[in-house]
Amino acid sequence: MFKILDLRQIPYLVIDLETTGVNPLVDEILEIGAVLVTPGRRPKLVLDTLVKPRGPVRAQHVHGITDADVAEAPQLEDLLGPIESLLANRVLVAHNATFERRFLLRGPLRGLLPREVPHLCTLRLDHALHRQRRALGTACLDLGLPTRDRHTAADDALMAADLLQRLLKDARGVKKRRSSDIQHVGGCDLNIPPLPAPPRLVGPTSGLQHSRQQRSRRRRRSREKDYFDLVLSTLEDLTVDPHELHAVKAAQRDLAWPAVRAIHARIFEGVLVRYAEDRQIDERETENLGRVWRSLEQLGWAPGGPPQNAGAAMPQANSEPLPPRP
């Protein structure tokens, strides 16, 4: 029987990635932030580094990272040792872990991380405990946790670590929940044995000298990045409820319409390429693609929808606040 209290005794590695896009087949990792969450201790930032991609940096309007920022950064292959060391005997955690795992399971890291690596998703855990599907910043704000400036992968990993600890604390109050429900919230079976310790341990702070903080290139996370994260979390269950629609429309007020279209198109492209990885799209994937398209259309625009003039006004959200969720 799976016990909820066991979750608080597990050592975790919380990871956040900044990437050139949403498609792991063609896009690359640009920045990695990793935080250790050990029972009885405060979360500790152990990896904070920019990563030099093989190709040019793309989607700069989302992550704020330039080619100059990563010119002297290590390549992903140079970080295999530190990442392997940090993952040993720990459970991988991310907010929307599906996104991070898809990038970690490809490229140089593919042989390092078996597909059955134990992992936990704070987005799903938050939904299971509080019946809300919230972006990372929104969840922390609603729960009274520090929101930081959210301008680097390190800040997001620290926020996700704070959120994880709060959710694990909240889990103590739902002991009557069926064990299968709690197992499902992480999107995996946490009874899988942790990864064995590697034969050679590398100092976990190897990438700190290449962090954006250390290089004095601090940038506040752009509104486009916040919107990108919000839409991704909204589409996690392939539906859009009234509260999610209200939140997305409110976020659109701070954006130019071409930026909204570009983000929607990039998200749909990532889903389409993911389903086409095996060179065929089955009936279930076709249905899901339709649901993603309709959801994006509901949020304001979907690829192939009516074009908008560059100077066209952004569709506005209803200014009336929504009632609290039941």
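Please read all numbers here as calculations on a predicted model, not as lab measurements.
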Student: Of all residues at least two apart in sequence or in a different chain, which pass the side chain to side chain contact (heavy atoms under 4.5 Å, CB included) check with Arg42?
Tutor: none
Student: Applying side-chain contact (heavy atoms from CB on, under 4.5 Å), run through Tyr12 and Leu36 and close with a yes or a no.
Tutor: CA-CA 6 Å; Tyr12 299 95; Leu36 287 184; over 6 Å; no
Student: Is there a donor-acceptor contact under 3.5 Å from the side chain of Glu28 to the main chain of Thr19?
Tutor: no
Student: Taking the side chain as every heavy atom from C-beta outward, state whether His119 and Arg101 have any pair of such atoms under 4.5 Å apart.
Tutor: yes
Student: Pair Leu125, Leu129 - check side-chain contact (heavy atoms from CB on, under 4.5 Å), show working.
Tutor: CA-CA 6 Å; Leu125 183 57; Leu129 295 175; 3.9 Å; yes
Student: Under a plain distance cut-off of 3.5 Å, with no hydrogens placed, do His130 and Asp170 share a side-chain donor-acceptor pair?
Tutor: yes
Student: Within this structure, what is the CG-OG1 distance for the pair Leu47 and Thr49, rounded to the nearest 0.5 Å?
Tutor: 6.5 Å
Student: What distance do Arg266 atom CZ and Thr20 atom OG1 have between them, rounded to the nearest 0.5 Å?
Tutor: 6.5 Å
Student: Mind checking whether Pro53 and Leu30 have side chains closer than 4.5 Å, heavy atoms only?
Tutor: yes
Student: Quick check against the 3.5 Å criterion: does Trp293 have a side-chain atom that pairs as donor or acceptor with the backbone of Pro303?
Tutor: yes
Student: Quick one: side chain to side chain contact (heavy atoms under 4.5 Å, CB included) partners of Val271, sequence neighbours excluded?
Tutor: Tyr275, Leu289, Val292
Student: What pair of heavy atoms forms the shortest contact from Arg134 to Asp126, and how long is it?
Tutor: NH2-OD1, 2.7 Å
Student: Which distance, rounded to the nearest 0.5 Å, do you find between the CD1 of Ile83 and the CG of Leu92?
Tutor: 10.5 Å
Student: Is Arg166 reaching over with its side chain to a backbone N or O of Leu145, donor-acceptor style, under 3.5 angstrom?
Tutor: no
Student: Search all heavy atoms of Asn96 against all heavy atoms of Glu236 and return the closest pair with its distance.
Tutor: OD1-OE1, 3.1 Å
Student: Evaluate the side-chain proximity of Asp48 to Glu31: yes if any heavy-atom separation is below 4.5 Å, no if none is.
Tutor: yes
Student: Going by heavy atoms in the side chains, are Val22 and Phe228 under 4.5 Å from each other?
Tutor: yes
Student: Are the side chains of Leu235 and Leu296 in contact, using a 4.5 Å heavy-atom criterion?
Tutor: yes
Student: Indicate the atoms forming the closest heavy-atom contact of Ile32 with Leu17, along with that distance.
Tutor: CG1-CD2, 3.7 Å
Student: Counting only N and O atoms by type, is there a donor-acceptor contact under 3.5 Å from the side chain of Thr152 to the main-chain atoms of Asp155?
Tutor: yes
Student: Does the pair Glu72/Lys52 count as a salt bridge with the N-to-O cut at 4.0 Å?
Tutor: no
Student: Is there a side-chain contact between Asp16 and His95, using heavy atoms and a 4.5 Å cut-off?
Tutor: no
Student: Let me see the working for Gln132 and His127 under side-chain contact (heavy atoms from CB on, under 4.5 Å), right down to the final yes or no.
Tutor: CA-CA 5 Å; Gln132 298 193 59; His127 182 258; 5.8 Å; no
Student: Check for a donor-acceptor pair, side chain of Arg90 on one end and backbone N or O of Leu86 on the other, with a separation under 3.5 Å.
Tutor: yes
Student: Quick one, Asp241 and Thr239 - any side-chain contact, counting heavy atoms below 4.5 Å?
Tutor: no
Student: So Thr234 and Val240, side-chain contact (heavy atoms from CB on, under 4.5 Å) or not? Walk me through it.
Tutor: CA-CA 6 Å; Thr234 298; Val240 179; 4.0 Å; yes
Student: Has Glu285 got a side-chain atom pairing as donor or acceptor with Asp282's backbone, closer than 3.5 angstrom?
Tutor: yes
Student: With under 30° as parallel and over 60° as perpendicular, where do the rings of His264 and Tyr227 fit, or are they tilted in between?
Tutor: parallel
Student: Hey, what do you get for CG (Asp156) to CG (Leu163), rounding to the nearest 0.5 Å?
Tutor: 11.5 Å
Student: Out of curiosity, Ile267 CD1 to Ser295 OG, how far, rounded to the nearest 0.5 Å?
Tutor: 11.0 Å
Student: To the nearest 0.5 angstrom, please state how far the CD atom of Gln165 sits from the NZ atom of Lys169.
Tutor: 10.5 Å
Student: Run the side-chain hydrogen bond (donor to acceptor under 3.5 Å, both in side chains) test against Asp162 and tell me which residues pass, sequence neighbours left out.
Tutor: none
Student: With a 4.0 Å cut-off, would you call Glu244 and Lys249 a salt bridge?
Tutor: no
Student: Is there a path from Ile281 to Phe268 through hydrophobic residues (I, L, V, M, F, W, Y) whose side chains come within less than 4.5 Å of each other?
Tutor: yes
Student: Which pair of non-hydrogen atoms, one from Cys140 and one from Pro146, has the smallest distance, and what is that distance?
Tutor: CB-O, 4.1 Å
Student: Is there a side-chain contact between Val51 and Gln75, using heavy atoms and a 4.5 Å cut-off?
Tutor: no
Student: Of all heavy-atom pairs between Leu45 and Ala154, which one has the smallest distance, and what is that distance?
Tutor: CD1-CB, 3.9 Å
Student: Which atom pair, heavy atoms only, marks the closest approach of Val70 to Ile65?
Tutor: CG1-CG2, 3.7 Å
